[in-house]
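For the numbers below, each heavy atom of this structure counts, side chains included, while hydrogens, waters and symmetry mates do not.
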Amino acid sequence: SWTIDSLTVTNGRLAFPSGFQLSVTNTLLVTGYGGIEFTNATASIANLVLSNAAYDRAISYVFGGTGGVFNVAGNLTVDQSTLAFVSSGSNAVTATVRGDLLLTNAARLYVYGAATNGVSTTGALVRVDGNLVVGGGAWVIPVTENSGGGNPVFSVKSVMLLSTNSGFDANVRGYGPAYGPGVGKHAGSGWYGAGGYGGRGAATPFNQPNDTGGAIYGASNAPVDAGS
């Protein structure tokens with residue numbers, strides 16, 4: 001274990017292995033080409049700032065596990081940087097931010113879901129007790145586990161989107177090919193019908209009787225299920 005007042009990581013990667021316990025009582029700053037990595041570890045951080053950390057080259061990771069804990073008591077800021085919460089197998093990652101979560105200047109936040117048992121579709125959980133603020137070309141990117149449909153879930157006080165080129169992007173990040181309750185059908189043409197969701201998917205252009213679109217499922221006006 002390691003308890004420290006403040007910590008700065010720059011031009012390098014600092015990794016914490018399974019079972020490690022880190023406590024930062026003030027600010028953990030990651031900058032330059034720096035990155036941090038937690039693998040099934042316990043992280044208790046007062047404030048976390050990822051700033052100008054070369055978002056396209058140096059990525060910070062939090063990997064889930066059976067005993068991993070990631071808790072930010074104050075604010076989490078991702079500024080021109082990339083942070084990824086990654087579930088491991090069937091172990092859903094859980095991240096808690098007691099203050100605000102702010103993304104700006106082309107920042108990226110990836111959240112990868114875990115495989116689920118079918119009873120629950122929650123594959124990852126990001127809890128923000130304050131505001132989730134996204135602006136300046138930043139994006140939150142939830143990624144469903146592609147065979148079982150384990151979805152990332154966000155529990156936040158409020159969401160503030162500050163610009164038109166920012167937001168949530170889950171495009172092509174639902175079920176994988178040939179998976180999901182709305183998967184399209186085929187009968188030997190080699191082409192599947194389009195996936196269904198709030199409406200039935202389109203058939204293939206070959207007009208084969210069984211090359212049909214996927215079934216209707218989920219909700220068209222309040223979607224929570226992964227796309228097929």
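- Looking at D169, its side chain never comes within 3.5 Å of a backbone N or O of I141 through a donor-acceptor pair.
- Of all the heavy atoms in V30 and G35, the pair that sits closest is CG1-N, 3.6 Å.
- Hydrophobic cluster membership is shared by F168 and L76, with clusters built from Ile, Leu, Val, Met, Phe, Trp and Tyr side chains linked at under 4.5 angstrom.
- Across every non-hydrogen atom of S18 and N40, the tightest pair is OG-ND2, 3.1 Å.
- Judged purely by atom type and a 3.5 angstrom limit, T31 uses its side chain to pair as donor or acceptor with the backbone of S51.
- Checking I36, N47, V49, T8 one by one against L28, the side-chain contact (heavy atoms from CB on, under 4.5 Å) holds for a single residue, I36.
- A distance of 7.0 Å separates CH2 in W139 from CG in N165, rounded to the nearest 0.5 Å.
- Rounding to the nearest 0.5 Å gives a distance of 6.0 Å between OG1 of T104 and CG of D79.
- F154 has its side chain within reach of P142: a pair of non-hydrogen atoms, C-beta onward, lies under 4.5 Å apart.
- Closest approach of F16 to A41, counting heavy atoms only: O-CB, 4.1 Å.
- Applying the 4.5 Å side-chain rule to ILVMFWY residues, one finds L102, M160, L162 in the same cluster as V133.
- With L101 as the fixed residue, the side-chain contact (heavy atoms from CB on, under 4.5 Å) test singles out one of L109, L48, N75: L109.
- For the atom pair CZ of F85 and CZ of F38, the computed distance is 10.0 Å after rounding to the nearest 0.5 Å.
- Cluster annotation: L83 and V153 are assigned to distinct hydrophobic clusters (Ile/Leu/Val/Met/Phe/Trp/Tyr, side-chain heavy-atom contacts under 4.5 Å, transitive).
- Taking both residues in full, the closest heavy atoms of V86 and Y112 are given as CG2-CD1, 3.8 Å, listed atom of the first, atom of the second, then distance.
- When hydrophobic clusters are built by joining Ile, Leu, Val, Met, Phe, Trp and Tyr residues whose side-chain heavy atoms come closer than 4.5 Å, directly or via intermediates, I45 is grouped together with L103.
- Distance alone, capped at 3.5 Å, places no donor-acceptor pair between the W2 side chain and the V24 backbone.
- Pairs of residues two or more places apart, or lying in two chains, that qualify as salt bridge (Lys or Arg N to Asp or Glu O under 4.0 Å) and include a residue from residues 20-44 are R13-E37.
- Listed by chain and residue number, R98, R127 satisfy the salt bridge (Lys or Arg N to Asp or Glu O under 4.0 Å) test with D129 (two or more places apart in sequence, or in another chain).
- The closest donor-acceptor contact from the side chain of S166 to the backbone of G137 lies under 3.5 Å.
- Across every non-hydrogen atom of Y33 and N11, the tightest pair is N-OD1, 3.5 Å.
- For the residue pair S44 / N71, no side-chain donor-acceptor distance below 3.5 Å is found, with atom types taken as modelled.
- L29 and V78 are not part of a single hydrophobic cluster, where members link through side-chain heavy atoms under 4.5 Å apart.
- Counting all heavy atoms, side chain and backbone alike, G32 lies closest to T10 at CA-OG1, 3.9 Å.
- Here the side chains of V93 and S87 are in contact, with some heavy-atom distance below 4.5 Å.
- Residues L125 and V69 do not share a hydrophobic cluster, defined by chaining ILVMFWY side chains whose heavy atoms lie under 4.5 Å apart.
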As a quick check of understanding, evaluate side chain to side chain contact (heavy atoms under 4.5 Å, CB included) for V126 and L132, giving each step before the final call.
CA-CA 10 Å; V126 177; L132 173 55; over 6 Å; no
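- A distance of 10.0 Å separates CG of L14 from OG of S60, quoted to the nearest 0.5 Å.
- Using a 4.5 Å cut-off on side-chain heavy atoms (C-beta onward), I59 and Y110 make no contact.
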